[in-house]
Amino acid sequence: MSMQPTLLSSLKEHLTLAKELRHLEIHFYPEKCKGVWQCYEVCPVGCWTPNYEARVAIFHDPEKCIACGACVLQCPQDAIELK
Amino acid sequence: MATVFMKWLETSPTAYDRGIQLLTLGRIQRIKERIANAYVHAGMRVLEIGCGTGTLTAMMAARGAEVTGIDASPSMLAEAERKVAQEGLEDHVTLKYMDAVLIGERFPPASFDLIVSTLVFSELSPYEQRYILEACKTLLAPNGRLLIADEVIPTGALRRLFYYVVRLPLALLTWLLTRTSATALRDFESLLEQTGFQARAVASHLGGSLVLYDILPAEIARAEANLPPTVIGRLQHRVTFRTLLLDLWLLFFRIIPPYPKVRTGLYMIGNPTPESPVLVTGNFDLTVRRVVKAIDGKVNVWLLVADSAGINVWCAAGGGYFSAEKVIAAVKSSRLEEVVRHHALILPQLCANGVDGWRIRKEIHWGVHWGPAKARDIPAYLDANRKKTDAMRWVRFPLKDRLEMVTVTLGFYGLLILLPVFIFWRPMFWPITFSIVGLSYFYAIVHPWLPGRDGLYKSIPLSLIALAGLLVYTTVWNPLPAVDLFHWMVILTGLSVFTGAELQGMSPLMRGEQANWGWEAVIGLALVALYWLVPLALGWR
């Protein structure tokens with residue numbers, strides 16, 4: 001049994017990744033949000049805007065999302081999921 | 001397609017084993033056997049720094065030792081886990097994802113009787129080496145021992161000549177066969193002495209270029225004052241023959257490893273004071289030079305270069321090469337706390353997809369600020385007191401970047417497609433070269449105006465435009481026979497799909513190119529089938 005990544009195994013891995021990546025979507029739970037704005041700080045495509053009065057982030061333009069996962073990783077409240 | 005080939009080019013765990021065997025002409029195995037047989041006893045607590053694929057880990061555990069193996073590469077660790085499980089040694093081995101620099105913080109003092117490390121130190125900067133050696137001193141139990149085997153540059157002119165004559169071709173051959181490369185230690189014995197160790201070379205192979213050191217804490221501990229003061233280099237924006245050559249190489253062959261790296265550690269840009277801001281970046285040569293170019297002469301800052309495996313921060317963070325662990329390791333080994341009087345790091349925004357800011361905040365109590373997405377905005381960002389405008393935050397893909405990235409793609413895929421065409425299909429070489437180059441740059445220019453956000457989707461209008469061009473060509477200039485016309489339609493459609501899909505991975509603006517990979521393959525195969533079958537079916541000749 002060999003673990004050697006050949007062109008074929010690399011191909012397979014990427015086809016699997018491709019399937020997953022296509023369907024990834026942001027799920028936001030605003031009730032958990034405490035208004036730390038890390039999502040707004042790190043999103044490279046502008047999907048997040050802070051609502052300063054309500055101290056909650058707003059997720060908009062989901063079609064812009066590139067599923068990079070930055071907001072998910074930086075949210076201290078685990079209020080964002082990518083699945 | 002790009003990532004498939006990059007993955008393949010990358011050093012894989014098993015290729016690494018073979019590469020290291022070849023590079024050392026099998027001598028590393030002998031050294032490992034010697035370590036396990038001569039130094040390891042049952043019940044011994046052993047720490048292996050950089051366990052890699054676990055060859056030595058398993059050998060030591062088989063001798064009855066309790067081995068803790070750490071490595072900073074998840075894929076190597078996975079292979080080590082497999083190897084250890086295969087030999088039924090799980091109960092005697094603990095494997096951990098950890099940067100070597102952090103051993104001092106993660107294990108209690110005096111918790112190991114033996115610390116071993118093979119071919120790790122040569123990969124580290126002198127500051128990291130020093131930091132780890134000092135940690136080893138506290139981690140070793142009384143009568144504990146340190147064993148380091150590594151490549152060294154031999155002393156003596158003749159030996160050195162022999163070393164270069166033999167090693168360089170060997171290194172090239174090894175890289176070609178296994179994509180593994182290694183560097184060599186310089187002046188390691190004096191570093192050991194400075195950090196308070198006594199070293200003895202107990203095995204020397206390959207003309208003194210592969211050495212096993214048996215290292216004990218010095219009997220009379222030398223005063224800390226003996227350590228030479230840390231010299232922090234200054235980075236300046238300079239254009240030299242070397243940088244021009246590198247730029248040219250990187251313009252065409254950026255995605256071919258090994259990537260040019262900058263030594264990790266702390267650098268000055270301008271004349272920073274202890275109050276000046278600290279910027280963090282990865283160790284890809286081009287990244288560092290671009291940051292320096294953007295800043296030099298404008299603001300005075302400290303630049304902390306952390307290990308990102310020589311990959312740009314976005315791809316490195318996404319691929320797991322650039323992480324909080326690496327940033328923490330850089331902060332610790334550079335002794336940043338002794339240099340600056342604040343606790344704030346400015347990280348590139350585009351590494352937030354893989355560097356966990358909260359881990360850095362919680363573990364070492366440094367503040368993490370997300371800097372601008374592009375290096376050129378750093379001076380304005382600092383002038384505004386770390387305030388980021390939306391323009392600094394959002395990534396765009398302007399014409400200049402598109403042209404650059406198309407060239408990067410062409411350099412590699414151009415070769416990949418055109419080389420076989422040149423060899424097997426000589427008459428088509430120039431027409432296909434012209435088509436692929438023309439289509440790529442045309443696509444780069446019109447990219448924002450083509451409908452859709454997806455590269456594959458955009459390739460539909462692109463191929464329609466290409467087909468329209470073909471139609472004009474055949475009616476106005478040179479009427480093609482039906483079979484040639486059909487073949488060219490298929491070729492142009494294929495190249496358009498390829499071009500559209502390939503540029504996908506070239507900007508953070510679009511989802512990773514993997515997303516299109518399956519379709520790209522299906523369409524490609526379908527087109528090849530059409531190319532052969534349709535003329536056959538219609539009886540064209």
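Here is the naming used below: chain letters follow the sequence lines, and residue numbers restart at 1 for every chain.
- For the atom pair OG1 (A:T49) and CG (B:D390), the distance works out to 7.5 Å, reported to the nearest 0.5 Å.
- Checking side-chain atoms of B:R393 against main-chain N and O of A:P44 turns up no donor-acceptor pair under 3.5 Å.
- There is no contact between A:C71 and chain B, counting heavy-atom distances below 4.5 Å.
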Task: Residue pair A:C68, B:W314: steps toward the side-chain contact (heavy atoms from CB on, under 4.5 Å) verdict - done: CA-CA 10 Å; A:C68 72; B:W314 169 261; 3.4 Å; yes
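- When heavy atoms are compared at a cutoff of 4.5 Å, B:V368 does not approach chain A at all.
- Annotation: residues 357-366 of chain B contacts chain A through B:G357, B:W358, B:R361 [non-hydrogen atoms, separation under 4.5 Å].
- No donor-acceptor pair under 3.5 Å is formed between the side chain of A:E41 and the backbone N or O of B:Q349.
- Atom CH2 of residue B:W370 and atom SG of residue A:C43 lie 13.0 Å apart, to the nearest 0.5 angstrom.
- Remark: A:D78 pairs with no residue by the salt bridge (Lys or Arg N to Asp or Glu O under 4.0 Å) rule, at least two apart or across chains.
- In this structure, chain B has a heavy atom under 4.5 Å from the backbone of A:E63, while its side chain stays farther away.
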